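Report on the structure given below.
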Amino acid sequence: MPSNETPSPVIILPGYSGPQLFLDAGLATEQQIWAPRVNGVALRSVADVLLTTLPRLLADAGGSADAVVEKFGELVPVLEKLGMNEDGSSRYNVSALPRHAWNSRWDVMLARGQARLNIAQRPTTNTLLDYVPANRIYFFASDWRLGQVDGTRALHEYIQEVKADAGCEKVSLLAVSYGGQLAAAYFAFCGGAEIDRAVLHAPAIRGSALTADMLEKRDLTFDHVPLLDLAAVFMQRELSLSQRLKRARRAELFSEIAARVIRTHALPPLSRFGSFWDIVPPGDYERLKALYLDPVKNAEIIRKSDLVHREMMPCIGETLRRMQQEGVKLAVIAGTGLPLVGGSPVDSDSIVDTASATGAFALPLNAEPPAARRHGPHVSPDGRVDAAGAYLPDHTWFFRGQYHGQAAWDRCARQLYCKWLFTDDIQDIYSDPAFPQFRDSCNPSDGLELRFSHSVSGILTAGDTSLLLTNLSRYDIGLVSVKAEGLALHVPIGGRLTLRPGETARLPFEAALPAGARRFSLTASFVRRTAVPAREHRAYPFTALPADEEIPQALRYPGGDQRETPSGHRHNFARDAFVRLRIALPGERKSEEMAHHP
């Protein structure tokens, strides 16, 4: 949008369990019932229960699983207040705070000392403040126990309040996870006449296979590796996988406790939340509904969730495309390439399936990509995701390795959604090579970002002259090696190279480009110089294109050796440690002599 226009106010639709719930709000008997405190520690969300509180309790209990599960049992009298009746209505006088748009505007919440009510989405909110003032940001505090039929009705009323409070005709939505499903349901049931722009980040549009696992697996277990990876990223901490695996026995115990807490304390109340049934995948819904819901006692839960599964989910792609045709600027951002924390090899961001979030086809992580070497703007560099059949093929971005809900910790993802909401710089996946449809996550926990100099993330062409490595961490990183698998490519380092936080190094390389498109990977070995340094290894998928192939503009990175660093400043590669080494084309093994600049 032109710089002289005031952007539409942004409504944040938070993820599941993000809004805080109160009993008898505004009365003398007011009590906060979500999120409660355990051992004096305030819980922020369901994820916080599993990822933050359990490790603390485990340490306090001397490693006793029984003691930790029993400790959570002490919460039952409090959590009982979250209970729902058989028809899906609340047993008690429960509401989410703050209520009404004029109370949930971010400047008002800050002035009243109520920032804690938005604690789960605080990083996202802070990101928006770089583009708009606090009085243009609204936090939709919904009762997340209710399903999307009730949620869309409440959101429609809230939008009217925001329009009146902000004096505007339209609003924009930044919808995260469960909030992304709410936004999709809103478009399906209410249309988009009052929506200017929307970003659906990690949206649970067609649910999550985790809910089916919780209902169906009596011996539910968690894979401790992805669970602990998610825990570290959720807390925005940089802990190497190798360090965590040294405590494998303790990690397995942590996973066992998480499963027992869910089975014993969480599942009974959840099974009467309309919202829970709305995130059961459509392929499992009818079967599990028949097992858990009584057609008479639970008729109202069934009626509402049937609308979501039968009216919204089957035609959501058509609905979202129609919203675009009617003028809504709409984008989807999703993580990919990770197993579900329950251990399923379904491609996901650890919580929501990639296919559910985007509508794209994604191979299971234990399956090999097809032999056909397809490449293009809708096919990921590793061939595992094909977005041609996505809800919005030209308006969906995938971040490989980005954990659920962590876009605000990823400099590239947060730039993308802010540019989408507040500027006209990006219109689709072809608009800016810095934001291709597929790229690697840029969370600090990832350590390094790798790409070639003149191509978008994940692509190698004859026009590339160097390999760029950026330190994403807040710690110094010592690069040990970069090795290729699947392509004759060599990256000479000549000793360990240290990158300070935010620094980018340009490394020479030599490669024999293939006669046809070929997938390969680069594995970077590096040391993150934390208090206890340990070597880490991270693989990056690429597609190499033949030298004689015309490179689509969408795969080129114009400007080559100049780009934006994480700090937003231009980087002068003349100061880098290495100058370029010319690519060796097929049948040509000669190369320019490498020059080293101290």
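This is a predicted model, so every value here is computed, not measured.
Tyr16 and Ser275 form a side-chain donor-acceptor contact under 3.5 Å, judged by distance and modelled atom types alone. Tyr92 and Asp24 are not linked by any side-chain donor-acceptor pair at a separation below 3.5 angstrom, with hydrogens and angles left out of the test. Ser8 and Arg197 share no donor-acceptor pair across their side chains, judged by distance under 3.5 Å alone. Side-chain N/O atoms of Gln181 and Asp278 include no donor and acceptor closer than 3.5 Å. When only modelled atom types and interatomic distance are considered, Tyr158 and Ser104 share a side-chain donor-acceptor pair under 3.5 Å. Side-chain atoms of Asn443 and Ser445 form no donor-acceptor pair, as typed in the model, at a separation below 3.5 Å.
Side-chain contact between Leu421 and Pro7: absent, with no pair of heavy atoms (C-beta onward) separated by less than 4.5 Å. Side-chain atoms of Val456 and Arg439, non-hydrogen and from C-beta on, never get closer than 4.5 Å to each other. Side-chain contact between Arg272 and Asn85: absent, with no pair of heavy atoms (C-beta onward) separated by less than 4.5 Å. Side-chain contact between Leu472 and Arg411 is present, with heavy atoms from C-beta onward closer than 4.5 Å. The closest side-chain heavy-atom distance from Met84 to Leu146 is below 4.5 Å. In this structure, Tyr391 and Thr396 have side chains that are not in contact, with every pair of non-hydrogen atoms separated by 4.5 Å or more. Side-chain atoms of Phe189 and His156, non-hydrogen and from C-beta on, never get closer than 4.5 Å to each other. For the pair Leu128/Phe422, a side-chain contact is recorded, criterion being any heavy-atom separation below 4.5 Å from C-beta on.
Among all heavy-atom pairs drawn from Ala388 and Pro393, the shortest one is O-CG, 3.5 Å. The minimum heavy-atom distance between Asp196 and Ser172, with the atom names listed, is CB-OG, 3.8 Å. Here the shortest heavy-atom pairing between Gln114 and Pro98 reads OE1-CB, 4.4 Å. The heavy-atom pair separating Lys170 from Pro9 by the smallest distance is O-CD, 3.8 Å. Across every non-hydrogen atom of Leu338 and Ser350, the tightest pair is CB-N, 4.0 Å. When all heavy atoms of Ser17 and Trp34 are compared, the pair lying nearest together is O-NE1, 3.0 Å.
The distance from the CG atom of Leu340 to the CD1 atom of Ile351 is 7.5 Å, given to the nearest 0.5 Å. In this structure, the separation between CZ on Arg206 and OG1 on Thr358 is 8.0 Å, given to the nearest 0.5 Å. Atom CD1 of Ile195 is separated from atom CG of Leu173 by 4.0 Å, given to the nearest 0.5 angstrom. Annotation: the span from Ile429 atom CD1 to Phe398 atom CZ amounts to 9.0 Å, rounded to 0.5 Å.
Asp165 places no side-chain N or O within donor-acceptor distance of the main-chain N or O of Glu161, the cut-off being under 3.5 Å. Between the side chain of Thr152 and the backbone N or O of Tyr186, no donor-acceptor pair lies under 3.5 Å. Of the possible donor and acceptor atoms, none in the side chain of Asp143 sits under 3.5 Å from a partner among the backbone N and O of Ala96. Although no hydrogens or angles enter the test, the distance criterion places no donor-acceptor pair under 3.5 Å between the side chain of Ser305 and the main chain of Ile301. A donor-acceptor pair is defined here as one N or O able to donate and one able to accept, closer than 3.5 Å; no such pair exists between the side chain of Arg538 and the backbone of Gly447. Judged purely by atom type and a 3.5 angstrom limit, Asp107 has no side-chain atom pairing as donor or acceptor with the backbone of Leu110. Of the possible donor and acceptor atoms, one in the side chain of Gln20 sits under 3.5 Å from a partner among the backbone N and O of Gly18. Side-chain atoms of His309 come within 3.5 Å of backbone atoms of Val280 as a donor-acceptor pair (strictly under, hydrogens ignored). For the pair Asp347 (side chain) and Gly337 (backbone), a donor-acceptor distance under 3.5 Å is present. Looking only at distances, a side-chain donor or acceptor of Asn471 sits under 3.5 Å from a matching main-chain atom of Tyr475.
At a threshold of 4.0 Å, the pair Asp150-Arg153 counts as salt-bridged, since one of the basic side-chain nitrogens sits closer than that to a carboxylate oxygen.
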Under the side chain to side chain contact (heavy atoms under 4.5 Å, CB included) criterion, do Leu200 and Ile205 qualify, and how do the steps go? CA-CA 9 Å; Leu200 278 54; Ile205 292 178; 4.1 Å; yes
Derivation of the side chain to side chain contact (heavy atoms under 4.5 Å, CB included) call for Ser208 and Asp353: CA-CA 6 Å; Ser208 169; Asp353 321 10; 4.0 Å; yes
Decide yes or no on side chain to side chain contact (heavy atoms under 4.5 Å, CB included) for Phe140 and Leu155, but give the supporting numbers first. CA-CA 8 Å; Phe140 179 55; Leu155 178 58; 4.1 Å; yes
Take Arg136 and Thr6 through the side chain to side chain contact (heavy atoms under 4.5 Å, CB included) test and state the conclusion after the steps. CA-CA 10 Å; Arg136 304 294 286 182; Thr6 302; 3.7 Å; yes
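Screening Phe438, Tyr417, Phe435, Trp420 against Trp397 for a ring pair (Phe, Tyr, Trp, His ring centres under 6.0 Å) leaves a single residue, Trp420. When each of Asp349, Thr336, Leu416 is paired with Phe399, the side-chain contact (heavy atoms from CB on, under 4.5 Å) condition holds for Leu416 and for no other.
Under the 30°/60° scheme for interplanar angles, the aromatic rings of Trp277 and Tyr285 are found to stand perpendicular.
The number of heavy-atom neighbours closer than 6.0 Å to CD of Glu318, taken from other residues, nucleotides and ligands shown, is 12 or below.
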